[in-house]
> 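First, the structure itself, so that you have it in front of you.
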Amino acid sequence: MPEEELVDIKFRLYDGSDIGPFRYSAAATVDMLKQRIVSDWPKGKTVIPKAANEVKLINSGKILENNKTVGQCKVPFGEIGGGVIIMHVVVQPSLSKTKAEKKIDDTPKKVACSCSIM
């Protein structure tokens, strides 16, 4: 029976701090990683994801899709063993919430123009 491939992943946050590293199976999905990030998010940060769908993971310049596995997202750099993969974390609040907040802030504004022609 072949040994299961394990991958060490560290998550880099917007302020340069890290979550991890954690060891994952190559069969773990990106969605599983996002759920772990939300549950292990450090206290005291100004930006806090409320759900996994607000988190975007970037690896090697590509936004990772939820249904992909860690094994599919790994960039093959030859046989580099024992290295930790660093994935960048971007928190993007859901659009429906942002639109709702914007509608609340839409108060009628008075337009005043003072032109003088001489």
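Nothing here was measured: the structure is a model prediction, and the numbers come from that model.
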> Looking only at heavy atoms, what is the nearest atom pair of K68 and Q72, with distance?
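Heavy atoms only, the tightest pair is CA-OE1, 3.3 Å.
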
> For D31 and A52, work out which heavy atoms get closest and say how close.
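Scanning both residues completely, I find the closest heavy atoms to be OD1-CB, 4.3 Å.
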
> Side chains of F11 and L57: does their closest heavy-atom pair fall under 4.5 Å?
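In short, these two side chains touch, coming nearer than 4.5 Å.
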
> Determine the minimum heavy-atom distance between K10 and G20, stating which atoms define it.
CG-C, 4.4 Å

> Using 0.5 Å steps for rounding, measure from the CE atom of M32 to the OG atom of S25.
8.0 Å

> Side chain to side chain contact (heavy atoms under 4.5 Å, CB included) for I85 and D8? Distances and angles first, verdict last.
CA-CA 6 Å; I85 296 172; D8 291 324; over 6 Å; no

> Where do K34 and L64 come nearest, in terms of heavy atoms and distance?
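Minimum heavy-atom contact is NZ-O, 4.3 Å.
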
> Over all heavy atoms of both residues, which pair between I86 and N59 is shortest? Give the atoms and the distance, please.
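Looking at all heavy atoms of both residues, the shortest contact is O-OD1, 3.7 Å.
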
> Given side chains that start at C-beta, do those of E54 and Q92 come closer than 4.5 Å, heavy atoms only?
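Contact flag for E54/Q92 side chains = no.
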
> Linking I/L/V/M/F/W/Y whenever their side-chain heavy atoms sit closer than 4.5 Å, directly or via other members, would L33 and I48 fall into one cluster?
yes

> Would you kindly confirm whether V38 and L13 end up in one hydrophobic cluster when ILVMFWY residues are joined by side chain heavy atoms under 4.5 Å apart?
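Result: yes, single cluster for both.
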
> Among side-chain atoms of Y24 and T29, is any donor-acceptor pair under 3.5 angstrom?
no

> V90, V55: one ILVMFWY side-chain cluster at the under-4.5 Å cut-off?
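No: no chain of side-chain contacts under 4.5 Å links V90 to V55.
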
> Would I37 end up clustered with Y14 when hydrophobic side chains under 4.5 Å apart are linked, directly or stepwise?
yes

> When rounded to the nearest 0.5 angstrom, what distance separates CD1 in I9 from CD1 in I19?
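Taking CD1 in I9 and CD1 in I19, the distance rounds to 12.5 Å.
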
> How close do T69 and A26 get, counting heavy atoms only, and between which atoms?
CB-O, 3.4 Å

> Short question: side chain of W41, backbone of V47 - any donor-acceptor pair under 3.5 Å?
yes

> Out of curiosity, Q35 CD to N66 CG, how far, rounded to the nearest 0.5 Å?
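Q35 CD to N66 CG: 9.0 Å, rounded to 0.5 Å.
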
> Would you check if there is a donor-acceptor pair between the side chains of K45 and S17 at a distance under 3.5 Å?
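Their side chains do contain a donor-acceptor pair, which is all the 3.5 Å distance test asks for.
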
